[in-house]
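The structure appears below as structure tokens.
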Amino acid sequence: MVSNVLPFVIALPLLGAAVLLIGGRRTDSWGPYLATLLPIASFVCALVLFVHTLGQPDDARSQSVHLWTWFEAGKLNVGADLLYDQLSSLFLLLITGVGSLIHVYSLGYMAHDERKRRFFGYLNLFVAAMLTLVLAANYLVLFLGWEGVGLASYLLIGFWQHKPSAAAAAKKAFVMNRVGDMGLSLAIALCFTTFGSTSFDVVNAGAQHAGETTMTWLGLLLLLGACGKSAQVPLQAWLLDAMEGPTPVSALIHAATMVTAGVYLMVRSHAILDAAPVARTAVVVVATVTLLWGAIIGTAKDDIKKVLAGSTMSQIGYMMLAAGLGPAGYAFAIFHLLTHGFFKANMFLGAGSVMHAMDDDVDMRHYGALRRAMPVTFLTFAMGYLAIIGFPGFSGFWSKDKIIDAAWHEHWWIGALALFGAGITAFYMTRLMLMTFFTEKRWRDGVHPHESPSIMTGPLVVLAALSVLGGVMLLGSWIQDYLAPIVGEPPEESSGAPAWLISLLAVLVVACGVALAWFLVGRRPVPDTAPTDVRWPVAVARQDLYGDEINDTFVILPGRKLTGALLEIDKYGVDGLMTGGPVAVGAFAGIFRKAQNGFVRSYALSVLGGAVVVVLALMVVNWQ
Amino acid sequence: MTDVTPYLIVSAVLFSIGATGVLIRRNAIVVFMCIELMLNAANLSLVSFSNLHGNLEGQVTAFFVMVVAAAEVVIGLAIIMTIFRSRRSASIDDASLLKW
Amino acid sequence: MNGFVSPHLEYSLLWPIFVVFGVACVGILVEAFAPRERRYATQVALTLIGLVIALVRVIIIGVDVTPRTVAEGALVVDGPGVFLWGVILVVAIAGVLLFAERQLDTGVSAFAGQAAALPGTAAERTAAQQGLDHTEVYPLLLFAVGGMMLFPVAGDLLMLFVALEVLSLPLYLLVGLARRRRLLSQEAALKYFLLGAFSSGFFIYGISLVYGYAGTMDLAGIGDVVQHGGANHGLLIAGMGLMAVGLLFKVGAVPFHSWTPDVYQGAPTAVTAWMSAATKVAAFGALLRLFVVAFGHDRLTWQPVMGAVAIATMLFGAAIAVVQTDVKRMLAYSAIAHTGFLLTGMIGFTAGDGDGTDATHAILFYLLAYSVATIGAFALVSVVRDSNGEATDFGKWTGLGKRSPLVAGLFTLFLFSMAGLPLTGGFIGKWEVFTVALRAGYWPVVVVAIAASIVSVFFYVRFVLLLFFTQAQKEVVTGGEGTTTAVVAVPAWGSIVVIGACALATVLLGVVPDPVLQLIENAGSFIR
Amino acid sequence: MIATLCLVPLIGALCSALVGRRSDMAARQVAIAFALATLAVAIVATFRFDRSGSGFQETYSVDWISRIGVHLALGLDGMALLLILLTAALVPIVMLTALRSHTYGWFAWALALTSFALVVFSATDLFLFYVFFEATLIPAYFMIGGHGGPQRSFAALKFLMYQLGGGLVLLGGVIGFYAVQPDSPSYLLTDLQHADIGTVAGRWIFVAFFIGFAVKAPLFPFHTWLADTSESATPQTSVLLVCVLDKIGTFGMLRFCLGLLPEASAWATPVVVALCLISIVYGAFLAIGQDDLLRLIGLTSLSHFGFIALGIFVLTPTGGGSAEGASGAIIYMVNHGVATAAMFLVAAYLIERKGSASIRAIRGVERSAPVLAGLLLVAGLATAGLPGLSQFVSEILVIIGAFAYHWWVGAIAVTAVVLAAIYVLWMYQRTMTGPPDPVSVGGAATADLTRTEVAIVAPLMIALVLFGFYPAPLLDLANPVIAAVTR
């Protein structure tokens, strides 16, 4: 069953991408519909598989499929192998499910774009690559999918290529991802040298027996890879720029799925992290910094998508944090990943719907009081909002709460910081809600907000429902138990504050955040342009905490200088050294040809001198 | 068996004078004469060595050198004459068009 | 006293030489008695016939040669000697064919109508109008060829000296006989003569010292004395050095090279073509025989010095050639560089079984490959002309490849062979000499040789670039005054044959060198 | 079989040169026909090749210069076959793209080049290898000098000087091999393998060989001809130079340096690896800084040749003996050939349309020529080693091999992953994206590729994807070669 169906899950969207991209204009009319149907078909496959395996015992749920030998050299044998297990099954559902919804949504959102067909082709390519990523049975196939989603992300961010900013953002995203890929490449190499294989089975089985230093390095390298893909500090700067892509792209790739691949990678490599406490600490540190970093950025942005992007960064920080907490957090990382996938996709699509209504204006200062103009969008967005701030009962509440709880058990200050992050989240999300749907109208002239067509609102409704109800996965610790065969049993809770206290604290902190937002934004008129006379924390937050500046100063500028210097060195140094040969010979010749001065007497002198030298030389040689 | 060293010294001196003459004199004829001097220096040492070794090969060679010198004169003077006729000068320094 | 014993001469082995000298003497008679208008045809035919007969005889001798001393020890007939005879005669035939060229310059040869007539005078014009020719060049060439044939087979020092003079004196004259640019030609002759005589002064003085050391003129005898140690080693050293000067002068090794560029440039191109090959062949033959047979046992003394000379020669020749702007002069400096490469072979003396056989073979092959390339190249120089005769300035050759791909292509072939590119004879030659030097352990010389090869490749390749890819400054106006580029004149069949044969030989020596290598191998070594 | 393979293009060159005097276009078509025939013969040879067999197959050997132990000896092993197939496949494609823009002379020289290159790849005699190694330069010289940019005669001179210089240094090694065999010397590889070369001599020979091959390949610091040549030559010429001819360098390193001088190779590995690493990083930085499309593509190869050589030298015992890296290096040669050829040829289409190769002069092409842009992106990403495209497999294998040697070697090599992304994508961003450029040849927007043009480069694109997912056909040929060298 699994081995028969699994390849199709990937092949269907891949087929769609191939047909649309190679088929060219012939497929313009029907291509987008085909491209929408194929992920849905994949979703059906995934669902069938899920249900099928659910009825089986734990150990039978994990199955690998060998398709063909990808490459084989020396002792390295890499199969194009797929692995279907509890972990990938959840991802499968998320990707195909949310992916399908976003395809449907895009049918409406991109209806008037002349290059619609290509957009759908890229989307299908993305889905196929993302599925490859999560279904891989070894690190190399994972890397294939990993880079595939990177490519699709590149193509989609830069989809509106005529905008230089979009093209630049796409390149930036790809290049920064590649910095992370260096880590992943080296991790693959280290895996091979350590275990002789890159398949998850072998690596996970061998991790306990390998040296801790090696495992630490491996963990850090994987973390570097994860940082790139999941926009964690210090490789976070691309995510905000990535919002140049069409909004469905932001929803699917830069919120629900691709950016969470780093979390997936961490959880997938849990055995390595388990064997490397130092690496785990590093994960925790990176995650904590990122969750605050993203949240702070979110507070200062006026661009609705950038607020959501900052929020995404922050939420992924939570997931990474959970992953860094070890067996206590793996399941919650995945749990939060899933719920976040629902509510963030929901909100991004909602934002898209708003932009659609506001003639693609993204500045929240030009919004206001939209709840009446677009009720469906408002209501669905509100569900997402409540979920993300962790309103009790909504999915985000359950998932985030568990992470804060686990963090608190790890160390109190991590828990405190996570809690603080939750407060900021509440603040900026409330600010967003208020500026967009409440307060007074600040619409531009000629803008007539209207509700989006049902092909766009339909997916919103579904996602809103999921945002609300995502918490059911936690019922009876289902998700922990389901994932336990893969990531291990969570340890027994030993000490620290009781869970209900943490929940209460969280709710209080969130309430404070909401209240603060109400005081600062809701009660006052919102200026039409951002005030410039702000205090330094705001200024810093608006500059993304100088993320770009840091990169510019420490990487790009030195890189440019280095490139320039190397060009000079190459031209005058290396080339000069090589082509200097002829010049030197010419100079030598220029001097010595003067000896050939045309006067026979000086020729005779050279003969005589030569004779003397030859005789003397012979004597010297003979002497020895 | 006689000591040939003085003869050889004279020969070497002659040779050196000839070689020096070639280097310092401008007139083609004089230069040529200096070369003849070098040949004769060789003749002297050939004859001396012939005496030393008690065979005639050196002396025979000396005769050949004289013959060759005579032949050289013929050729040399012909060339020097042509040059002199074209340039109205027997200075070898004037003939320096070919260089570098 | 047994009275006069007439010397025993092995006529059967020697008559190639006699034929050459005999025909030369007949040529003198022809000059004296034949009517002027018939002399050209008679001389050319006579010379060619004489050379061909000699060549045929050489081949017959060469088929089964027993190395032996002949003419009472004055000459030695052995494999390498006979092979060199063959090469010298073939080169001489090519030389004669080039000398006979009369089609390029409106029906007159490249030689002065009347050498005695002053340049720019009425006498010269008259001579030109009457179509006068110095047909003496053919006997002169034959005398020189005779000397060249004697040179590498000389069995004693006296014969070596006589042969040197016999080959040199006619050359001095031939160099001065150019029809155009008389002043340059005369100057070249004067320089060649004075320096040649000067260096032969060193040579004969060296002979006297060596004689003083060994007490014998016989090369093999000297070899014996050297092997067993003579009385005064200092004499040997000095004599060896001075003799080397004379021979190195002939082959144009640094620092005795100064005459080469001037003479190559000033001499009539046909003479340059022939002598650049023939002199080098003969002189290297003699150099080899002298240093192998006579001084071979003292090789540890002279090899390092010879190596140093080789290094200086290669580097100097190659480097100075880079800055030349005259084709003939560039080829002259390249000839100096090739002398260096050949000397590299000289020091590969200990390679193989230690008797110099391998080195000899390498040098023989190199000489052959170099000869055909240099003759071909100079022959082509003579067909590229403008209104003032041969156009030797680089600028005039610009873009020749477009106007005459054949000539440019062949010239490229010869240059590539000199540069030692594979599939040409020059490559195998270079391979041979470098190999023996390396086998003898003289790797520094080989390293320098490779460096010098790189430099020399540079100027050859740059010239090819000029031929094919540089745009000519101005379109060609054929025949008119002030043409900036040269055109290719159609030569007589003689030159065509020479050029064609050289091209063919260059390719064959590169592609199927085995027969020639086998031939050289069969020639064995010098007898000692 | 191999003799036929090598002769077909040579005959084609002669035919094309003869026909060219009558009709230029007909001669070009004749040349293409012969190139296709060569490909056909190569394919037949591939089918006759026994993948399970070891050593050389289809051997052909006659005495050539018996006095110095030289044979006309040809034979195929996996690596030779791979490179022969690459050559035979690229030549017709390149010729098709060159059909309108190059004269018959170029076609004839290109066929001659093909013939010589095929001999080089299949030679099992060192001397024969060397002779044709050098002989390939002559057609290359005329191809560079005859067509291309204003600086081409300088570029041709520089190219030839570098190559001949390297070749002469190599000659030193070739001679050395002869000199160290005292009796009955032979240049047959089988004999050379058993020749007793002293340690010191072996090292000197190695140095000569390596310099010769490093100029060819090229590696830092012998690379400066590369950029000038690729800028001034036409892209078609560059394909034949960089994708076919330069492979001789790395081919030689594996076959002759490692194959014949294992001890010296092991001795030199640290230095060579250092040079490779410098090439990888340095080449990538230089590529980033280029303003000329063709220079950029040319310089990317410096980085890639660094990878190939790195993969080869980690096979030595000092290098860790990584068969993975070496197998990767062999297929890297093929994959680099395909990817770079694709890049050059698509660039050729672009330059034909824009009349300039300056990156500054090209903007916003994607808008009006999406297919062209797409193909350039695919080729570029293949060059940058994107998984799923062929070069990735080879690159990751080399990185694994390098990592196994020393972790920091792998770490330095892996920076190319980022740098390659920068040079490819930045180039793409500058030329293809943004608002369309109003100024273009003929005033119109850049026309997209025609069906014919797409069809010509399609085989390359298919190969990029196919070998990205299924490199087994390449690896099956490469792995036994490595096994043989290691043994």
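Remember, it's a predicted structure, so these values are computed and weren't measured experimentally. Chain letters run A, B, ... following the sequence lines, proteins first, then strands; residues in each count from 1.
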Should the ring pair D:Phe469 and A:Trp68 be called parallel, tilted or perpendicular, given that the plane angle runs from 0 to 90° and is split at 30 and 60? perpendicular
So, the part of D:Leu474 with a heavy atom under 4.5 Å from chain A: the answer is neither
Using a 4.5 Å heavy-atom cutoff, which residues in residues 158-170 of chain A come close to chain D? A:Gln161, A:His162, A:Pro164, A:Ala167, A:Ala168
Using a 4.5 angstrom heavy-atom cutoff, name the option from D:Ile396, D:Val371, D:Ile399 with the most pairs to chain A. D:Ile396
D:Met461 versus A:Ile22: any side-chain heavy-atom pair under 4.5 Å? no
How far does CZ of D:Phe392 sit from OG of A:Ser185, to the nearest 0.5 angstrom? 6.5 Å
Pairs of heavy atoms under 4.5 Å with chain A: top-ranked of D:Gly289, D:Ala323, D:Ala478, D:Gly434: D:Gly434
Interatomic distance, A:Leu144 atom CG to D:Leu389 atom CG [nearest 0.5 angstrom]: 9.5 Å
Spatial distance of atom NE2 (D:His223) from atom CE (A:Met578) [nearest 0.5 Å]: 8.5 Å
To the nearest 0.5 Å, how far apart are CZ in D:Phe467 and CZ in A:Phe71? 15.0 Å
If you tally heavy-atom pairs under 4.5 Å against chain D, which of A:Leu151, A:Leu566, A:Ile569 wins? A:Leu566
dist A:Phe174:CZ -> D:Leu386:CG (nearest 0.5 Å) comes out at 5.0 Å
Please find the pair of heavy atoms, one from D:Glu324 and one from A:Ala73, that lie closest to each other, and give the distance. CG-O, 3.2 Å
List the steps and the verdict of side-chain contact (heavy atoms from CB on, under 4.5 Å) for A:Ile188 and D:Phe403. CA-CA 10 Å; A:Ile188 289 168; D:Phe403 191 88; over 6 Å; no
Among A:Thr193, A:Thr563, A:Leu21, which residue forms the greatest number of heavy-atom pairs with chain D at distances under 4.5 Å? A:Thr563
Contact class of D:Trp426 relative to chain A, heavy atoms under 4.5 angstrom: both
Using a cut-off of under 4.5 Å for heavy-atom pairs, which of D:Gly388, D:Ala472, D:Pro221 has the most such pairs with chain A? D:Pro221
Is it the backbone or the side chain of A:Lys75 that comes under 4.5 Å from a heavy atom of chain D, or both, or neither? both
Looking only at heavy atoms and a cut-off of under 4.5 Å, which of A:Val179, A:Leu221, A:Leu577, A:Asp570 has the most pairs with chain D? A:Asp570
Pair A:Val574, D:Tyr282 - check side-chain contact (heavy atoms from CB on, under 4.5 Å), show working. CA-CA 12 Å; A:Val574 182; D:Tyr282 186 84; 3.4 Å; yes
Closest approach of D:Pro370 and A:Arg118, non-hydrogen atoms and distance? CB-NH2, 3.5 Å
Atom pair CG (D:Leu397) and CD (A:Glu72), whose distance is rounded to the nearest 0.5 Å: 11.0 Å
Using heavy atoms and a sub-4.5 Å threshold, report which of residues 410-423 of chain D line up against chain A, by residue number. D:Gly410, D:Ala411, D:Val414, D:Thr415, D:Val417, D:Val418, D:Ala421, D:Ile422
Just by distance, do the side chain of D:Trp407 and the backbone of A:Leu186 share a donor-acceptor pair under 3.5 Å? no
Could you look at D:Ile331 and say if it's the side chain, the backbone, both or neither that has a heavy atom under 4.5 Å from chain A? neither
What part of A:Glu114 lies closer than 4.5 angstrom to a heavy atom of chain D: side chain, backbone, both or neither? side chain
For the CH2 atom on A:Trp70, are there more than 12 heavy atoms of other groups (residues, nucleotides or ligands in this structure) within a distance under 6.0 Å? yes
Relative to chain D, which of A:Leu155, A:Leu140, A:Leu76, A:Leu567 shows the most heavy atom pairs under 4.5 Å? A:Leu567
